[in-house]
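Okay, so here's the structure we're looking at.
Basis for what follows: all heavy atoms, side chains included, without hydrogens, waters or symmetry-related copies.
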Amino acid sequence: MEIEEKYLEKPWLRTYELMCVPEGLEYPEKTYTEFHLDEPAIKYPNNLALVQLDYEMTYKELKEKVDRLATALSNLGVKKGDVVASVLPTSIQSVICDMAIPEIGATHLPIDILYSVDELVDKFDRTGVKVVISLHTNVKDRDIIDKVKKAAKKTGAKSIIPTKLEDYSSKVTEHEKEEGVIWFTDLIKKYPSNPPKVDIDIKKDVAVLFFTGGTTGAPKGVMHTHYGLVAHTYSLFRSLLPESMVSLGEASLISLVTFPQGHASGHGAALPVLNMGGTTLLQANPRDTKESVRLVKKYHPLVYRGAPTHYVKLLKEEGAENLGILAMSGSMPLAPKTQKDFEEKTGSIMAEGAGMSELVEVSHVPAVPFILLPFLGRLETVGKIFHLLNRILRTPGLSTLLMIGTRLTDPKSIGLVGSRLIYFVSKNILTITPVRKRELTGSIGVPVVGVEMKIVDEDTGKKIPMEKVVKEKLRGEMCLKSPYQMLGYWPNPGSGFDEEGYVHTGDVVTVDEWGKTYVIDRMKDMANISGYKVYTREIDDLLYEYPGIEEVATIGAPDPERPGSERLKVFVLPLSEYKGKIKEEDIINYLKGKVSPYAVPKSVEFRDELPRTVTEKPFKRLLREEEIEKIKKVGILR
């Protein structure tokens, strides 16, 4: 295949070539726990693995606790193929469960602590859960454990293992007597670190089972094998940097995770750093941005993972002016205004990635050459520097010598130096140069190495040639497949794919000549106005530029005056100091000069809060359902 033809079919390969990233990878054939924990625990036993509430856990301690829990679960009767649920926040306990359950051939089902009793019953029933490891208290005393007990009574779940977040903290916790249960920490103390050896088929056995968020329909169970999860982790950093640079980060990278681990976005956020022998700071409450600032100041993480709503709140926090972090945004669209404001205030570099539960977590990563473009001026220069550094680092013995040097240096010191460098670059180059424009803003980046992408027409479902998508700037639904995609939807392997093996994402996208992908909207969020397609995300992004708006959600609702058509409505969450000062006509008049007449909203509703999904996205489907009910009540829609 000619190089030019290759680029026409896969334009992101041009970006790979710039930064010495391969077109494909050979993935380790290891079990999930072996790759993510056993190997780094042997190499870096005394390295700091996890931090929670100022409790610091080394790899040696983590490995011992994982093996003890695996032994305990086996003694409780958990066998290969059984599903064990955890109802936990982002925490050390969640990571222990995630490593221990697949170690004995069972399947880990992470569940968000915000789910209702009915939602828990649904998931317990559908997967045949017999053992549940649960948080005891979140906000009100016993609020989580009581939900789990109610759900267990209605299903076949027999064993409940409670824990308190403070069980791994700088405080000493006490456990009240709980009938019919054994506490998580007591269970771990009771059993030795001697789990049974289980024969695992890494390409067929399910290690982790996620349920999709259900924001566009009924939640589906997504099955991921040991092989797929390992391949996903292995691909991530090797899609951002050449192998020669990835190895330098071993045992020295610190990352802060604010995503809930009960979902794919949070679950996958800790794994790459764990495999590298680095440190993951676990924040149970993503809304506690004061704690986020404290953790950044104390540990100096280089990488920070959060949702756009988290970053918006973080902007208001005292002490956030000089964070100097690589802020990775995901789980929902990042408004260009949010990115701009965050970089300017915090002295950070922000980029957006994307993914879906069906592909473990991440399908697209930030296009690193375009992050560096404002600093280096030309892409040719970026490419030359990457190739030069790659050649130097591949000099025999040099990489080993540098790795020894980094491992002899305190990771916090490395993080502090990195933070100061990021802050300097952000304040003195990134946020003041016109080069920033939209070369990165608005893009979810390029596909992870190994991910294949096709674009299909939204109406006909027919594939659009990638060359045509790029040259004519066409839009269509993004479909993906990869070596680490799901085995299928529970309980049927092979389900959820089209005839070519792709998963349809429901995202309307466009792609540029470098393979950078831009999400225009969710297909189900798109409105049909008298036959015209209106992408509600585009309205949202425009309104984030309007002074005084903290958050916005645009929806299409049935138009009683035009059967079969919709009309737009905007829900606005104003900043506290702007409440009562922004009027409906202000918003409508502002948009009249920026969008086509049919795309101007008919109404605006101001709210003190917006309904959210469990991953903190504004819940547009619920807003639409509420609007339909309002219209029905006044008798103009049936």
If you draw the axis of the six-membered ring of Y502, does the NZ or CZ of K454 fall within 45° of it and under 6.0 Å from the ring centre? yes
Any carboxylate oxygen within less than 4.0 angstrom of a Lys/Arg side-chain nitrogen, looking at R522 and D507? yes
Flag the pair V222 / F211 as yes when at least one side-chain heavy-atom distance between them is below 4.5 Å, and no otherwise. no
State the OG1-CD1 distance between T163 and I133, to the nearest 0.5 angstrom. 9.5 Å
Between the NZ atom in K43 and the CE atom in M276, the distance rounded to the nearest 0.5 Å is 9.5 Å
Any salt bridge linking D54 with K298? Criterion: basic side-chain nitrogen under 4.0 Å from a carboxylate oxygen. yes
Could you grab the distance from atom CG of L229 to atom NE2 of H36, nearest 0.5 Å is fine? 6.5 Å
Can the ring centres of Y484 and Y227 be said to be less than 6.0 Å apart? no
Taking only residues at least two apart or on different chains, which pairs with a member in residues 91-105 satisfy salt bridge (charged side-chain N to carboxylate O under 4.0 Å, His left out)? K63-E103
Verify whether one side chain among E39 and Y44 offers a donor that lies under 3.5 Å from an acceptor in the other. no
Tell me, with the steps shown, if T173 and D167 meet side chain to side chain donor-acceptor pair (under 3.5 Å). CA-CA 6 Å; T173 56; D167 286 345; 2.9 Å; yes
Show every salt bridge (charged side-chain N to carboxylate O under 4.0 Å, His left out) that has at least one partner inside residues 222-239, sequence neighbours left out. R238-E243
Straight-line distance of C97 SG to Q261 CD, nearest 0.5 Å: 10.0 Å
Are the side chains of L480 and L359 in touch, meaning some heavy atoms are under 4.5 Å apart? yes
Which salt bridge (charged side-chain N to carboxylate O under 4.0 Å, His left out) pairs, counting each pair once, include a residue from residues 201-211, with sequence neighbours left out? E29-K203, K80-D205
Sort and list the pairs that fulfil ring pair (Phe, Tyr, Trp, His ring centres under 6.0 Å) and have at least one residue in residues 120-147, not counting sequence neighbours. H136-W183
Salt bridge (charged side-chain N to carboxylate O under 4.0 Å, His left out), paired with E626, selected from K620, R607, K632, R621: R607
Donor-acceptor pair, distance only, cut-off 3.5 Å: does the side chain of H226 make one with the backbone of Y32? yes
Given the rule in the side-chain contact (heavy atoms from CB on, under 4.5 Å) test, do L62 and L50 qualify, once you have shown the distances and angles that lead to the verdict? CA-CA 8 Å; L62 176 60; L50 304 172; 3.9 Å; yes
With side chain to side chain donor-acceptor pair (under 3.5 Å) as the criterion, how do D521 and T536 come out once you've worked through the C-alpha distance, each side chain's angles and the decisive distance to 0.1 Å? CA-CA 7 Å; D521 209 348; T536 59; 3.1 Å; yes
Quick one: are the ring centres of H263 and F210 less than 6.0 Å apart? no
Any side-chain heavy atom of R612 sitting closer than 4.5 Å to one from P618? yes
Apply side-chain contact (heavy atoms from CB on, under 4.5 Å) to the pair L282 and V95, showing each step before the final yes or no. CA-CA 10 Å; L282 300 166; V95 176; 4.2 Å; yes
For R68, is there an ion pair with E64 - N to carboxylate O distance below 4.0 angstrom? yes
Checking K147 against Y115: charged group under 6.0 Å from the ring centre and within 45 degrees of the axis? no
Is a salt bridge present between R294 and E291, judged by a nitrogen-to-oxygen distance below 4.0 Å? yes
Return the set of residues passing side chain to side chain contact (heavy atoms under 4.5 Å, CB included) with L253 (not counting sequence neighbours), or none when no residue passes. F237, V273, L302, V303
For D288, does its backbone N or O pair with a side-chain atom of Q283 as donor and acceptor, under 3.5 Å? yes
What I want to find out is whether E551 reaches K617 closely enough, with some N-O distance under 4.0 Å, to be called a salt bridge. no
Looking at F35, I'd like to know if the NZ or CZ of K30 sits under 6.0 Å from its six-membered ring centre while staying within 45 degrees of the ring's axis. no
So do the side chains of D82 and I104 get within less than 4.5 Å of each other, counting heavy atoms only? no
Between S169 and L53, is there a donor-acceptor pair closer than 3.5 Å when you use the side chain of the first and the backbone of the second? no
N-O pairing of R305 and E361 below 4.0 Å: yes
Between T338 and L334 (side chain of the first, backbone of the second, donor and acceptor by atom type, cut-off under 3.5 Å), is there such a pair? no
Check: V362 main-chain N/O paired with H232 side-chain donor or acceptor under 3.5 Å: yes
Y168 and Y55: aromatic ring centres closer than 6.0 Å? yes
Do Y304 and S292 pair up side chain to side chain, a donor and an acceptor below 3.5 Å, judged on atom types alone? yes
Cut-off 3.5 Å, side chains only: do S86 and H108 have a donor facing an acceptor? yes
Nearest 0.5 Å please: distance from the NZ atom of K60 over to the NZ atom of K65. 11.5 Å
Do the non-hydrogen side-chain atoms of F497 and V503 ever get within less than 4.5 Å of each other? yes
Mind checking whether V129 and T155 have side chains closer than 4.5 Å, heavy atoms only? no
Determine which pairs satisfy salt bridge (charged side-chain N to carboxylate O under 4.0 Å, His left out) with at least one residue from residues 155-165, sequence neighbours left out, and list them in order. K164-E176
Can you check whether G506's main-chain N or O pairs, donor with acceptor, with E477's side chain at less than 3.5 Å? yes
Under 3.5 Å, is there a donor-acceptor pair linking the side chains of N47 and T58? no
Using side-chain contact (heavy atoms from CB on, under 4.5 Å), reason through T90 and T258 one step at a time and then give a plain yes or no. CA-CA 7 Å; T90 298; T258 64; over 6 Å; no
Does H310 reach the main-chain N or O of P286 with its side chain, forming a donor-acceptor pair under 3.5 Å? yes
From L37 CG over to Y59 OH, what is the distance, rounded to the nearest 0.5 angstrom? 8.0 Å
Would you sort out whether K149 and E178 count as a salt bridge (charged side-chain N to carboxylate O under 4.0 Å, His left out), showing the intermediate values? CA-CA 11 Å; K149 282 192 166 187; E178 190 82 26; 2.8 Å; yes
side-chain contact (heavy atoms from CB on, under 4.5 Å) evaluation trace for F184 with I96: CA-CA 11 Å; F184 184 84; I96 292 173; 3.9 Å; yes
Between T33 and M99, is there a donor-acceptor pair closer than 3.5 Å when you use the side chain of the first and the backbone of the second? yes
Using atom types as modelled and distance alone, determine if a side-chain donor or acceptor of D498 lies under 3.5 Å from a backbone N or O of G501. yes
Tell me if a side-chain donor or acceptor on K130 pairs with a main-chain N or O of V83 at a distance below 3.5 Å. no
